[in-house]
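In the text below, chain A, chain B and the rest are named by the order of the sequence lines, each starting its count at 1. Source: prediction; values computed, not measured. Quick note: numbers below take in every heavy atom, side chains included, and nothing from hydrogens, waters or symmetry partners.
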Amino acid sequence: MRIRQNTTFCWAAEKSAARPRDAPGLGCSTKAASRPGKLRGKVGRRTWAAPLQKTSRRVNSPRLNGSSRCSSPPSAMAPRNGSGSSESAPDRAGSAIGPHFPASHVLSECPFSAASMSSEVRVRFAPSPTGYLHVGGARTALFNWLYARHTGGKFILRIEDTDRARHVDSAVAAILEGLRWLGLDWDEGPGAGTAGALEGSGDYGPYFQSERGAVYERYLSRLRDGGHVYEDPAGAVRFRLPRKPMEFDDLVCGHIAVDRSKTTTPTGEPESDMTIRRPDGSWIFHFVNVVDDAEMRITHVIRGEDHLSNTPKHIELYEALGIAPPQFAHIPLILNRDGSKMSKRDQGAHVSSYIEQGYQPEAVRNYLCLLGWSPKDDREKLPIEEVIRLFEPGKINRKAAHFDLEKCNWLNAQYLAAMSLDEFTQASIPWLEKAGIAYGNAAALSPVLALIKEKIKLIPEVTGWVDYFFTDAFEYNPEAVEKTLRKPGALERLVQLRGAYAQLSTWEATLLETQLKELAAQVGCKPAEYIHPARVAVSGRGVGPSLYHMLEVLGQQRVLARIDRTLAEFAG
RNA sequence: GACCCUAUCGUCCAGAGGUCUAGGACACUCCCCUUUCACGGGAGUAACACGGGUUCGAAUCCCGUUAGGGUCACCA
């Protein structure tokens, strides 16, 4: 099955043609000023705004960013529209491109401009179809999603498959599955909307880079017209790096200043011009990423810190294109517990592993929320609505987080404990079926699950706790046998207990308890001397639920039969 | 190698110059509850990387060192 590229493409082209005023860059250019007031960059805290600290904290420093986001402001700040140029006309770029913009354009970006306050937040998650969703990627998606939901903006999914060769449907599907499992719904992109069609829905498609060739061609010619690119001897298209100092403000990392003229290769030579297109015509990530973010009117790029060092290059591209860059928020990476880099082989690296192991999606999501972010109080288990309410990119931690599966497990147990017996039963059924346990039906299963619900940290564990309820042919645990049944007098006491229980006309936990204790008192030994053998006799193991409740659920007939079987098996 | 980011208990977070003899959670240890295993309750071990500044006062601001991470691709 392949994506319907042609249809999608035409459809998207129509869409954009129908919105001539929404030319790329224009929407973007407003965003610098339109960041919702709640964003708190850490900018003020660490650098130039020190004297303003308290104020900026309260008033929200991002506004300050507008005037200092880029070191070469004239080209960094795109001109506001005004021209009404058409998106489809290649030459429209003429008015928008160019390194020299009147200062008034910059000033018009005044962050306090009321007119710009209304534009909507648009964030995106742009994975490459690698065949699985990495937890790091999942957290990036989560933070984007949280911000979109927090602001009432849009969360967009874009697949960075660069070209057809990289596109594999099953690989895309794995990512969508992971996102859906975590409950991160997207407003635009593959599978968005009620139809769930893979080609996706949204006004800025296609959402597969492999289908956006025409868009890239258009932008390439803009760069060419501006004299920003050239073809090297090998036939690759390269972007002339400006090689000058530049700075920008990152919502998480604060003010970043880097002298790009000093950037070198690992061997110490000056950085070579960035390739944006290979000789075979395929596109390089940096270019298409920037073009798509601009075209899709992304206002905030929330991505992994591994891109922080790439950001100056991206901003240079925006400048060459005459488009104001979005706001950036680089979130720290997730490391293994031991501090090493988390690779796809590491424990817990794939979201699919949580699905397979039966984690509760809300628990995993909750855990991911807490990795680099906190509600600033002592709460750990938080309803997602609460996280959405409190979440702001500026509050994301700057330190890389080490992944701790133990805590994730604990949270999972917290979520299980909060489930009703009904929910717990429904969640257990698929796993019992997978294990081939003949539990009968939900009504028969629930009372059994009620006995062990609180002992479980992960749903699939139920199978090991309840199997003997549904088969009389259970095995005896050797250790338990050794420890209890082999004890002198154990079988005799079992006989006595059987005798007492056989006479009961009602079968109920508290009665079973008093009977057993009376028997123990008569004989003059501890109840435990009866309890342990009884447990092993009816379940085959030394650990389990409360004995009397277990007996009650098992029923008189089965209990007596199992004691008989045990006596027969271990006598003599 | 150059550049960038980071640095509070083993781990995740709180801490925004005095309220810090640094708080919560996971994990760990002990106690209580208890027929087992868990749950739950209580207690405990455990951290401001180091060195200089600034200040009356620094976990908090600045500089340096060290350590970790990242980027420097015709990967994304």
A:Arg278-A:Ser282 side chain donor-acceptor pair, cut-off 3.5 Å: yes
Can you tell me, in whole Å, how much space there is between the C1' of B:rC20 and that of B:rA14? 12 Å
Reading RNA chain B from 5' onward, which residue's closest nucleotide shows up sooner: A:Thr263 or A:Val258? A:Val258
How long is the line joining CD1 of A:Ile396 and P of B:rU6, in whole Å? 14 Å
Would you mind classifying the nucleic acid contact of A:Tyr530 as base, sugar-phosphate or nothing, using non-hydrogen atoms under 4.0 angstrom? nothing
Taking atom C1' of B:rU11 as reference, at what distance in whole Å does atom CG of A:Leu368 sit? 15 Å
As a test of the definition: with a 90° window around 0 for syn, would you call B:rC62 syn or anti? anti
Tested for side chain to side chain donor-acceptor pair (under 3.5 Å) against A:Arg303, the lone hit among A:Thr311, A:Asn310, A:Thr140 is A:Thr311
Looking at A:His134 and A:Gly136, would you say the former's side chain and the latter's main chain have a donor-acceptor pair under 3.5 Å? yes
Select base, sugar-phosphate, or nothing to describe what A:Pro312 touches, counting heavy atoms under 4.0 Å on all strands. nothing
Could you let me know what B:rU55 is paired to, Watson-Crick or G-U wobble, both distances under 3.5 Å, or none if it's on its own? none
State whether the distance check finds a donor on one side and an acceptor on the other, under 3.5 Å, for side chain A:Ser546 versus base B:rU34. no
d(CG, A:Asp163; C1', B:rC75) in whole Å: 12 Å
Could you let me know what B:rA43 is paired to, Watson-Crick or G-U wobble, both distances under 3.5 Å, or none if it's on its own? B:rU29
Above 12 or not: heavy atoms from other molecules or residues under 6.0 Å from CD of A:Glu479? no
How long is the line joining CG of A:Leu451 and C1' of B:rC37, in whole Å? 13 Å
Within the pair A:Arg277 and B:rC74, is there a side-chain N or O less than 4.0 Å away from OP1 or OP2? no
Paired nucleotide for B:rA2 [Watson-Crick or G-U wobble; both distances under 3.5 Å]: B:rU71
With a non-hydrogen cut-off below 4.0 angstrom, is A:Gly372 in contact with a base, only sugar-phosphate, or nothing? sugar-phosphate
Between A:Tyr415 and A:Lys381, is there a cation-pi geometry (under 6.0 Å to ring centre, at most 45° from the normal)? yes
Check whether any side-chain nitrogen or oxygen of A:Asn310 sits under 4.0 Å from OP1 or OP2 of B:rG70, and answer yes or no. no
NA contact type, A:Ala401, heavy-atom cut-off 4.0 Å: base, sugar-phosphate, or nothing? sugar-phosphate
If you measure only the distance, is there a donor-acceptor pair under 3.5 Å linking the side chains of A:Asp163 and A:Ser210? no
Return the nearest nucleotide to the side chain of A:Lys399; candidates are B:rU35, B:rU71, B:rU6. B:rU6
Can you tell me which nucleotide in B:rC12, B:rU36, B:rA76 comes closest to the side chain of A:His402? B:rC12
Taking only the side-chain heavy atoms of A:Val543 (C-beta and beyond), determine which of B:rU36, B:rC12, B:rA76 contains the nearest atom. B:rU36
Whole-Å gap separating P (B:rA76) and CZ (A:Arg166): 5 Å
Looking at B:rG24, B:rC13, B:rA76, which one has an atom nearest to any side-chain atom of A:Asp378? B:rG24
Watson-Crick or G-U wobble partner for B:rU19, using a 3.5 Å limit on both distances? none
Quick one: A:Glu316 CD to B:rC4 P, roughly how many Å, whole number? 15 Å
The nucleotide from B:rC74, B:rG24, B:rG1 with an atom nearest the side chain of A:Pro266 is B:rG1
In this structure, how many angstroms lie between the P atom of B:rA38 and the CH2 atom of A:Trp465, rounded? 8 Å
Does B:rA76 have OP1 or OP2 under 4.0 Å away from a side-chain N or O of A:Arg158? no
Residue A:Gln209, side-chain atoms from C-beta onward, closest of B:rA27, B:rC12, B:rA76: B:rA76
Could you measure between the two C1' atoms, the one in B:rC61 and the one in B:rA7, and give it in whole Å? 16 Å
Any idea how A:Phe239 and A:His228 line up, ring-wise: parallel (<30°), tilted (30 to 60°), or perpendicular (>60°)? tilted
Given B:rA2, B:rC5, B:rA76, identify the nucleotide with an atom nearest to the side chain of A:Thr264. B:rA2
Partner nucleotide, any strand, of B:rU66 [Watson-Crick/G-U, under 3.5 Å]: B:rA7
Measure the acute angle between the ring planes of A:His307 and A:His314, then classify it against the limits of 30° and 60° as parallel, tilted or perpendicular. tilted
If you compare every side-chain N and O of A:Arg398 against the phosphate oxygens of B:rC5 (OP1, OP2), does one of them come in below 4.0 Å? no
What nucleotide among B:rU6, B:rG69, B:rA27 has an atom nearest to a side-chain atom of A:Leu333? B:rG69
Among the nucleotides B:rU71, B:rC74, B:rG10, which one has an atom lying closest to any side-chain atom of A:Ser309? B:rU71
Give A:Glu380 one of three labels, base, sugar-phosphate or nothing, depending on what nucleic acid heavy atoms sit under 4.0 Å from its own. base
Should A:Lys262 be listed as having a side-chain N or O under 4.0 Å from OP1 or OP2 of B:rC3? no
Contact under 4.0 Å: A:Lys376 side-chain N or O vs B:rG15 OP1/OP2: yes
Which nucleotide in the set B:rA14, B:rA7, B:rC72 lies at the smallest distance from any side-chain heavy atom of A:Ser374? B:rA14
What integer distance in Å separates A:Asp306:CG from B:rC72:P? 9 Å
Report the residue (A:Arg535 or A:Tyr367) whose heavy-atom-nearest nucleotide on RNA chain B is the more 5′ of the two. A:Tyr367
Report which part of the nucleic acid A:Gly268 touches: base, sugar-phosphate, or nothing (heavy-atom distance under 4.0 Å, all strands). nothing
